[in-house]
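If you read the sequence from its start, that first residue is 1, and numbering goes on from there.
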Amino acid sequence: MPAPRIKSPHLLVAESGADREGHGLKRTMGLFQLICFGVGAIVGTGIFVGLSDSVAQAGPAVVVSFVLAALTCVFTAFSFAELGGAIPVSGSSYSFAYAGLGESTAFLVGWCLLLEYGVSISAVAVGWSQYVNELLHSLTGLQLPAALSAGPGDGGVINLPAVIVIAMASALLVRGVRESARATAAMAAVKLAILLAFCVIGYSAFKDGNLTPFSPAGLGGIGAGTTAAFFSYIGFDAITTAGEEAKNPRRHIPVAILVCMGIVTLLYCAVALAAIGAIGGDQVAGRPAAFSYVVNEVTGSAVGGGVIAFGAVVAIASVVLAVMYGQTRILMSMSRDGLIPRVFEKVSPKTSTPVAGTLIVAVVFALPAAFASLDAVMNLCTIGTLAIMAVVNVTVLALRRREPGLDRSFRVPLYPVAPLLGIGFCLYLMWETGWHTWIQFAVFLAVGLAVYGLYGRRHSTLAGAAPAGEVTPAAAEREPQAV
């Protein structure tokens, strides 16, 4: 059996220009922008729309579910922080797996990232549509007709708002990363202000009795709620995709990841308690636009709910923007390595952005947002994301053994316990998704392996390497392509 093709961390950094100007990209993002970008990628549909689903599973014990989901992410966030500081390139977990576990594993990670980011983009856009309707109703008393605000699977014809938000995000991304970072920072500030205002309103009507029974479905409900709550944290890894556009990636990326996880976990627990304590878990569970409903019930006016709906519209739009950014940068890295068509690595000399790749991503993921019901694939997105996180933890273990002298600006604390716990938590939540999801995931991975065998392995820049894991001079000296 041939040895795996492994690309060393030093070569990944050299090829990307990550210690200089990355592959035609400009370094414009400082620590504050990275933190805002991380908050922008995480806080959105998962809490504004998904909270009601988590409460339906766990009841008031959803707070425990959020903490368990956070623990899963925190252990993995340590690993992302170490790898993001040591290998500051745009490929994120794909590039980390390439350096630690080899090309075939890296391709499957990239394949799963298409699922994680792609489904997230489409699902978030659909959630945005719900709050747009809520905002319109608060302002005018009218709503978009069902034919224009839902896909055929949900009783409509086309989800037009979902398409619009993806189009707006792609237009901003094409203009340049500086403009995108500024917009993300502004939207992150708005969403944090709205959620803090929601907490103030919710706690003003807080009743202890609304928290009983605390765990109506027992440990099984908490476990199911944890799986549902996990979707609320998807996106923190997007910070590592800015490795070639951050001013000081080795220092700032680890800090940004850990700060974002701390902010988001505290905020989620506070918001969940405020919502349930104000009106009870039964009223929150399964309710669309639950935040607006809570505020309307507490204040007795639709004005407050309208303000919350406005905040949700801004918050969810920022997630679409941040996640699309991450997806295009990962595709750019895979294209650079020859595993997918070269069109995705082309960077416009005018805007210093991958214009063609951004537009392709927008079109591909606007289609399911417009026409498909995504409920059936949400668990598939979750299990794919958890698999990626498990691989990142394994990669830390592999690189500590293979590259002990690698320059690490951050090191995982409590090594090797922390990455092992990260793997354990990921496997537990993957198990909780159910066997139907495992079958879907196995089929998805099989398709990915077929694509790799038919295209990626043949076109890889490492294909002509002599010993496994080494590259030809031509591969190492490749220049970035420009549009």
Side-chain angles (χ1 to χ4, degrees), residues 29-48 50-51 54 62-85 92-93 181 184-185 187-200 203 226 229-243 246 248-275 315 318-319 322-323 326 385-386 389 392-393 396 408-415 417-419 421-422 425-426 429:
M29 298 177 72
L31 178 59
F32 177 74
Q33 286 82 7
L34 284 172
I35 292 172
C36 290
F37 176 69
V39 172
I42 302 170
V43 182
T45 305
I47 190 67
F48 279 97
L51 174 65
S54 301
V62 71
V63 177
V64 179
S65 296
F66 275 121
V67 171
L68 290 176
L71 280 175
T72 303
C73 294
V74 164
F75 288 124
T76 304
F78 288 149
S79 294
F80 268 106
E82 176 170 317
L83 296 173
S92 185
S93 45
T184 302
M187 289 188 283
V190 170
K191 75 169 75 176
L192 290 178
I194 291 294
L195 288 177
L196 290 174
F198 174 82
C199 287
V200 171
Y203 285 119
T226 301
F230 175 79
F231 189 77
S232 304
Y233 290 92
I234 289 179
F236 76 88
D237 54 326
I239 295 173
T240 58
T241 66
N248 189 353
R250 293 187 183 275
R251 178 183 176 87
H252 290 164
I253 284 178
V255 175
I257 290 174
L258 300 178
V259 169
C260 282
M261 286 304 302
I263 292 173
V264 169
T265 301
L266 291 174
L267 190 63
Y268 282 178
C269 291
V271 164
L273 274 177
S318 73
V319 176
V323 174
T385 303
L386 288 164
M389 293 169 64
V392 168
N393 285 299
V396 167
R408 294 172 170 88
S409 58
F410 174 87
R411 300 177 74 89
V412 172
L414 300 177
Y415 178 88
V417 175
L421 285 173
F425 273 101
C426 288
L429 291 186

May I ask you to decide if Ser409's main-chain N or O and Arg250's side chain share a donor-acceptor pair within less than 3.5 Å? no
Donor-acceptor pair, Tyr203 side chain versus Phe198 backbone, under 3.5 Å? no
What distance do [X] atom [atom1] and [Y] atom [atom2] have between them, rounded to the nearest 0.5 Å?
X	Y	atom1	atom2	result
Leu386	Phe425	CG	CZ	12.0 Å
Ser93	Asn393	OG	CG	11.5 Å
Leu273	Cys199	CG	SG	9.0 Å
Phe80	Cys73	CZ	SG	9.5 Å
Leu31	Cys36	CG	SG	9.5 Å
Leu429	Thr385	CG	OG1	11.5 Å

Which heavy-atom pair separates [X] from [Y] by the least distance, and what is that distance?
X	Y	answer
Leu51	Ala275	CD2-CB, 4.1 Å
His252	Gly30	ND1-C, 4.2 Å
Cys269	Val67	SG-CG2, 3.8 Å
Gly38	Cys260	CA-SG, 3.7 Å
Ser54	Ala229	OG-N, 3.4 Å
Ala69	Thr226	N-CG2, 3.7 Å

Go through the steps for Val63 and Tyr268 under the test side-chain contact (heavy atoms from CB on, under 4.5 Å), then give the verdict. CA-CA 8 Å; Val63 177; Tyr268 282 178; over 6 Å; no
Please test Phe66 against Val264 for side-chain contact (heavy atoms from CB on, under 4.5 Å), starting from the C-alpha separation and ending with a verdict. CA-CA 10 Å; Phe66 275 121; Val264 169; over 6 Å; no
Aromatic ring proximity Phe78/Tyr415, centre distance under 6.0 Å: no
Mind checking whether [X] and [Y] have side chains closer than 4.5 Å, heavy atoms only?
X	Y	result
Val255	Val259	yes
Leu421	Leu414	no
Met389	Tyr233	no
Ser79	Pro419	yes

Take Leu83 and Thr240 through the test side-chain contact (heavy atoms from CB on, under 4.5 Å) and record every step on the way to the result. CA-CA 9 Å; Leu83 296 173; Thr240 58; over 6 Å; no
Inspect the surroundings of CZ in Phe32 and state if more than 12 heavy atoms from other residues, nucleotides or ligands are less than 6.0 Å away. no
Working note: Val412 + Phe75, criterion side-chain contact (heavy atoms from CB on, under 4.5 Å); need CA distance, chi angles, decisive distance, verdict. CA-CA 9 Å; Val412 172; Phe75 288 124; over 6 Å; no
Under the criterion salt bridge (Lys or Arg N to Asp or Glu O under 4.0 Å), I'd like the reasoning laid out for Arg408 against Glu82: C-alpha separation, chi angles, the key distance, then a yes or no. CA-CA 6 Å; Arg408 294 172 170 88; Glu82 176 170 317; 3.0 Å; yes
